[in-house]
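Presented below is the structure to which this report refers.
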Amino acid sequence: MAPQLLRKWLRREGLPVLEGIQSLDARQVGILDADGSLLYGSGPDGSDGSARIPLVLEGQVAGWVTGPHESRLKDDLAVLLRYLLEQEAAKKALASEVLDKYRELHLLYRLAEELGASLQPQAIGETALREVCPMTESKGGLVLLQKDEGNELEILATCECELPIELGSKTPPNYLKKVLQTGQPQLINDQDARRYFIGLSPSTTSILCAPLKTSKRVFGALVLFRENIQPFNAGDIKLVAAVAMQVSPAIEIVSLHRVQLDNARIERDLQTARQVQSGLLPRRMPQVPGWQVAAHWQPARGVSGDLYDFIYFPDGKLGLIVADVTDKGVPAALVMANTRSILRGAATSIGRKGSESPARLLGRVNHVLYEDMPMNMFVTCLLVILDPATGLFRFANAGHNLPVLRSRGGAVELRATGLPLGIFPSPVYDDQEAALEPGDSLLMFSDGLVEAHNPGGDMFGFPRLLEMMRPRPGAPQLQGDDLLHSLVAELQGFTGPHWEQEDDVTLLTVYRQ
């Protein structure tokens, strides 16, 4: 810069200044450029032994003043020219700084406008890099986001550059760890580019990294890199930090907005799924003279892994089913829908013989379910086949809760065991028999009732349920819907008003009048 500065200054404004100095004799002195070419005057050029005084600016020789050894004019002129050149250099530096600040402000203003129109985090990252990379003369850059609040990072956006930029490891390098931990920018120079990026040729690089953060957390970083022939400086740090500060809330707001939209969409889908699932449940209770059947279905989430259903056999017998799929939510609901279809299909395929052996029917269902059951999932199922004409019923159990029979003599659990459906290819199920006399009730239920906890951590439990089912002398015996409402009310009183339901609750009762 210094050699060109002398020539430009003389051409623009220096000559009038020199000509205005009355004591200056252009025949006695000369002004030379750094290469020794005469720029002003006609005095000696120093080759004849005359004096030659360097004009040093910013450590560089900008030119020379020449004149006779005995002349003081050359000395005074050299002092004057040094001062004037320093002033000129200061003006140029100030003008350059002002221009840089203007460009930075214009960049931030333009960036604010563009970010306001972006509705995708990736688009925001690409916009920021598209603006800041040319401004900082960066070779490349990328926007990184933390995955699931952990150390692993994912690339949100990259700028268009000649070299591929990709993190070389899932573990962030030290400079990125510092940025993510402290929330402060980091600058490193004279680094081997291959330590940090894949695909870069052997070379040194300078890396500038600024945090993407909110008032509560650091969630990513803006990274730029240059070839080391032009390292980053403090001004670059301020600019990139300002850009990162502007980009951070834009990404955060858009991300939160997307989460809200996704949650709203999921909620709509769950509502639709619950409507569809509710449609799979029986639309009405069986209407059998002398009998009363009631059911209660209460999902823990939008959809349920619990199932109750009825099967009407050609010989007049009635099948009653309560089943529970492991887990909750959508996966369990899908398995539940499949189980219902298989149960009905198996009952139809067995036909008249199906009403004779619930164990045989469960074996047929298991054979089909085992082929398609998702990993780590299974279905518990209690199947009761009732003959309304006699009150006799057969039942088989595939790992489900034992049914409770209430009679005048008390309340007892009916024992029947067997493995849940879908675990093994050929489990053995046993048929058991019992009878419902007039005034008796049978309760079938899922474990969402007995495994519910109160705020103190106590479980509702089987003993409490048996105690509630026992007849009380002199007290009215609740049946059907009234019995189920009483059980649900007892559960609500036990768990308290702020209970977060842990599991689906399904109740089914049949009463012989």
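With hydrogens and angles disregarded, a donor-acceptor distance shorter than 3.5 Å links the side chain of N366 to the backbone of F424. In this structure, the side chain of Q60 does not engage the main chain of A62 through any donor-acceptor pair within 3.5 Å.
Taking every heavy atom of both residues into account, A396 and L382 meet most closely at O-CD1, 3.6 Å. The two residues T506 and L307 have their closest heavy-atom pair at CG2-O, 4.4 Å. Here the closest non-hydrogen pair linking P54 and R82 is O-NH2, 3.1 Å. Between A452 and T495 the shortest heavy-atom distance is CB-CG2, 4.1 Å. Of all heavy-atom pairs spanning G220 and L180, the tightest one is O-CD2, 3.8 Å. Residues P185 and P211 approach most closely at N-CD, 3.9 Å, considering heavy atoms.
Every side-chain contact (heavy atoms from CB on, under 4.5 Å) that A337 has, sequence neighbours left out, goes to L280. Taking E413 as the reference, R415 meet the salt bridge (charged side-chain N to carboxylate O under 4.0 Å, His left out) condition, with sequence neighbours excluded. Evaluation of the side-chain contact (heavy atoms from CB on, under 4.5 Å) rule for T380 yields D324, F378, H400, P420 as partners, not counting sequence neighbours. Partners of L156 by side-chain contact (heavy atoms from CB on, under 4.5 Å), not counting sequence neighbours, listed by chain and number: P121, Q122, V143, L145, I251. Qualifying side-chain hydrogen bond (donor to acceptor under 3.5 Å, both in side chains) partners for Q184, counting only residues two or more places apart in sequence or in other chains: none. The side-chain contact (heavy atoms from CB on, under 4.5 Å) check on A398 picks up L362, C381, L421, Y429, with sequence neighbours excluded. For F232, there are no ring pair (Phe, Tyr, Trp, His ring centres under 6.0 Å) partners, not counting sequence neighbours. With sequence neighbours excluded, the residues satisfying salt bridge (charged side-chain N to carboxylate O under 4.0 Å, His left out) with D236 are R226. For the side-chain hydrogen bond (donor to acceptor under 3.5 Å, both in side chains) test, no residue two or more places apart in sequence or in another chain qualifies with T326. Under the rule for a side-chain hydrogen bond (donor to acceptor under 3.5 Å, both in side chains), the partners of E137 that lie at least two apart in sequence or sit in another chain are Q230. Under the side-chain hydrogen bond (donor to acceptor under 3.5 Å, both in side chains) criterion, D309 pairs with R344, not counting sequence neighbours. For the ring pair (Phe, Tyr, Trp, His ring centres under 6.0 Å) test, residues two or more places apart in sequence or in another chain that qualify with F460 are F494.
Side-chain atoms of L507 and Y308, non-hydrogen and from C-beta on, never get closer than 4.5 Å to each other. The shortest side-chain heavy-atom distance between L443 and L465 falls under the 4.5 Å cut-off. A 4.5 Å side-chain heavy-atom check between V218 and L212 finds every atom pair outside the cut-off. Contact of the L32 side chain with the L39 side chain is not registered, since no non-hydrogen atoms from C-beta on lie closer than 4.5 Å. Inter-residue side-chain proximity for R464 and V450 is flagged as unmet; no heavy-atom pair is nearer than 4.5 Å. The closest side-chain heavy-atom distance from L343 to I321 is below 4.5 Å. Looking only at side-chain heavy atoms (C-beta outward), N397 and T417 stay at 4.5 Å or farther from each other. Between N401 and V322, every side-chain heavy-atom pair lies at or beyond the 4.5 Å cut-off.
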Passes side chain to side chain contact (heavy atoms under 4.5 Å, CB included), N338 versus L369? Steps please.
CA-CA 8 Å; N338 187 40; L369 272 178; 3.8 Å; yes
Before you tell me yes or no, could you show the steps for I53 and W64 under side chain to side chain contact (heavy atoms under 4.5 Å, CB included), namely the whole-Å CA-CA distance, both residues' side-chain angles and the distance that decides it to 0.1 Å?
CA-CA 5 Å; I53 303 175; W64 308 84; over 6 Å; no
Please lay out, stage by stage, how M459 and E451 fare under the test side chain to side chain contact (heavy atoms under 4.5 Å, CB included).
CA-CA 6 Å; M459 193 165 65; E451 293 183 1; 4.1 Å; yes
Checking side chain to side chain contact (heavy atoms under 4.5 Å, CB included) for the pair L81/V65: CA distance, chi angles, key distance, verdict?
CA-CA 9 Å; L81 288 179; V65 175; 3.7 Å; yes
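Taken to the nearest 0.5 Å, the CZ atom of R217 stands 13.5 Å off from the NZ atom of K213. Note: L129 CG to L224 CG = 7.0 Å, rounded to the nearest 0.5 Å. Atom CG of L449 sits about 10.0 Å away from atom CG of L484, to the nearest 0.5 Å. Residue F225 holds its CZ atom at 8.5 Å from OG of S138, rounded to the nearest 0.5 Å. We find the CG-CD1 distance between L176 and I207 to be 8.0 Å, quoted to the nearest 0.5 Å.
Counting heavy-atom neighbours within 6.0 Å of M245 CE, excluding the residue itself, gives a total of 12 or less. For H453, the NE2 atom sits in a packed shell: over 12 heavy atoms of surrounding residues, nucleotides or ligands are nearer than 6.0 Å.
Of the N and O atoms on the side chains of Q298 and H296, at least one donor lies less than 3.5 Å from an acceptor on the other residue.
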